[in-house]
J.: 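Below: one structure in structure tokens.
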Amino acid sequence: MFHVGLRLLVCFAAAGAVFAGPVNAAAPSGVVLAADDGVMVNEAWARASPGASTTGAAYVTLKGGAKADSLVSVSTPIAATAEVHETTNDNGVSKMRPVPAVAVPAGQTVSFTPGGTHIMLMGLKQKLTAGQSFPLTLTFAHAAPVTVDVKVRGLGGGADGTMGGRMGNDNGMRMH
Ligand SMILES: [Cu+2]
């Protein structure tokens with residue numbers, strides 16, 4: 001028999017947190033570029049490309065704005081072709097296929113991940129080297145296109161410690 005002491009978690013009241021509600025400032029008609037109206041693109045990163053590989057994969061986290069939207073295309077000057085792919089597991093075999101659009105519901109977060117939805121870069125014009133970054137433009141059905149800086153992380157995680165060990169086996173899909 002042993003006794004597990006119950007620990008009380010002390011929560012700090014969020015003193016001073018000020019929630020400013022929607023500010024409906026009068027904007028010139030036809031000009032609506034407020035950040036919270038469109039899709040936010042966060043955490044854009046890519047894996048370093050090994051050896052002479054001419055393909056790579058990049059990942060982003062999308063945060064839906066006030067209205068539902070969808071990502072319809074991606075492009076980058078460093079690759080001949082960039083496509084949104086999704087990885088599916090078919091009887092233990094990873095397969096990927098291009099997806100025409102990725103739904104970004106209002107206010108929802110959509111995360112691209114190794115082994116899941118990813119941005120496939122084909123015909124790389126330069127090696128993806130850890131520590132470097134490159135521009136990636138995301139085009140949405142409704143929101144204005146967004147260009148983000150994609151940070152290249154080392155193969156298999158490393159310094160940043162993220163995404164080093166994903167679940168499942170590789171099945172020759174190490175890049176995705
Ligand atoms: Cu792919």
Side-chain angles (χ1 to χ4, degrees), residues 35 37-65 67-176:
D37 273 356
V39 177
M40 278 176 55
V41 182
N42 300 309
E43 291 179 56
W45 67 282
R47 284 235 173 107
S49 57
S53 175
T54 57
T55 58
Y59 311 92
V60 291
T61 297
L62 305 176
K63 178 78 162 60
K67 293 175 189 162
D69 208 333
S70 58
L71 173 67
V72 294
S73 70
V74 288
S75 65
T76 174
I78 65 144
T81 308
E83 290 179 350
V84 176
H85 283 184
E86 66 178 9
T87 306
T88 55
N89 198 299
D90 186 5
N91 288 323
V93 180
S94 283
K95 290 181 178 174
M96 60 181 186
R97 63 180 179 204
V99 287
V102 176
V104 187
Q108 300 288 301
T109 298
V110 178
S111 298
F112 287 36
T113 54
T117 305
H118 57 275
I119 294 164
M120 191 86 200
L121 307 173
M122 288 163 284
L124 285 176
K125 295 167 186 171
Q126 65 186 62
K127 199 168 149 49
L128 301 182
T129 304
Q132 294 184 343
S133 61
F134 60 88
L136 177 74
T137 300
L138 298 95
T139 304
F140 299 95
H142 302 294
V146 176
T147 298
V148 293
D149 219 26
V150 179
K151 302 272 186 299
V152 181
R153 297 180 182 174
L155 281 170
D160 55 44
T162 55
M163 300 299 179
R166 67 181 179 81
M167 290 181 290
N169 57 42
D170 280 314
N171 286 324
M173 295 285 298
R174 274 167 303 190
M175 289 304 297
H176 320 294

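Indexing begins at 1, ligand by ligand and atom by atom, following the structure's order. Predicted model only: the values in this text are computed from it and were never measured.
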J.: Which atom name would you report as the N, O or S atom of His85 nearest the Cu ion (ligand 1)?
T.: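 Restricting His85 to its N, O and S atoms, the minimum distance to the Cu ion (ligand 1) goes to ND1.
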
J.: For Thr87 and Gly116, indicate whether the former's side chain and the latter's backbone hold a donor-acceptor pair under 3.5 Å.
T.: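 Yes: the side chain of Thr87 pairs with the backbone of Gly116.
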
J.: Quick check for you: with the Cu ion (ligand 1) as the vertex, what angle do SD of Met96 and SD of Met120 span, to 10°?
T.: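 It comes to 130°.
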
J.: Which residues pass the side-chain contact (heavy atoms from CB on, under 4.5 Å) test with Val146, not counting sequence neighbours?
T.: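 Counting only residues at least two positions away or on another chain, Val146 forms a side-chain contact (heavy atoms from CB on, under 4.5 Å) with Val41, Phe140, Val148.
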
J.: Taking only residues at least two apart or on different chains, which pairs with a member in residues 98-110 satisfy side chain to side chain donor-acceptor pair (under 3.5 Å)?
T.: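 For residues 98-110: none.
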
J.: Charged N to carboxylate O under 4.0 angstrom, Lys151 versus Asp149?
T.: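 Yes, this pair counts.
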
J.: Measuring to the Cu ion (ligand 1), does Thr55 have an N/O/S atom at a distance below 2.8 Å?
T.: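 No.
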
J.: Look at the N, O or S atoms of Thr87, main chain and side chain alike, and state whether any lies under 2.8 Å from the Cu ion (ligand 1).
T.: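 Not a single backbone or side-chain N, O or S atom of Thr87 is under 2.8 Å from the Cu ion (ligand 1).
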
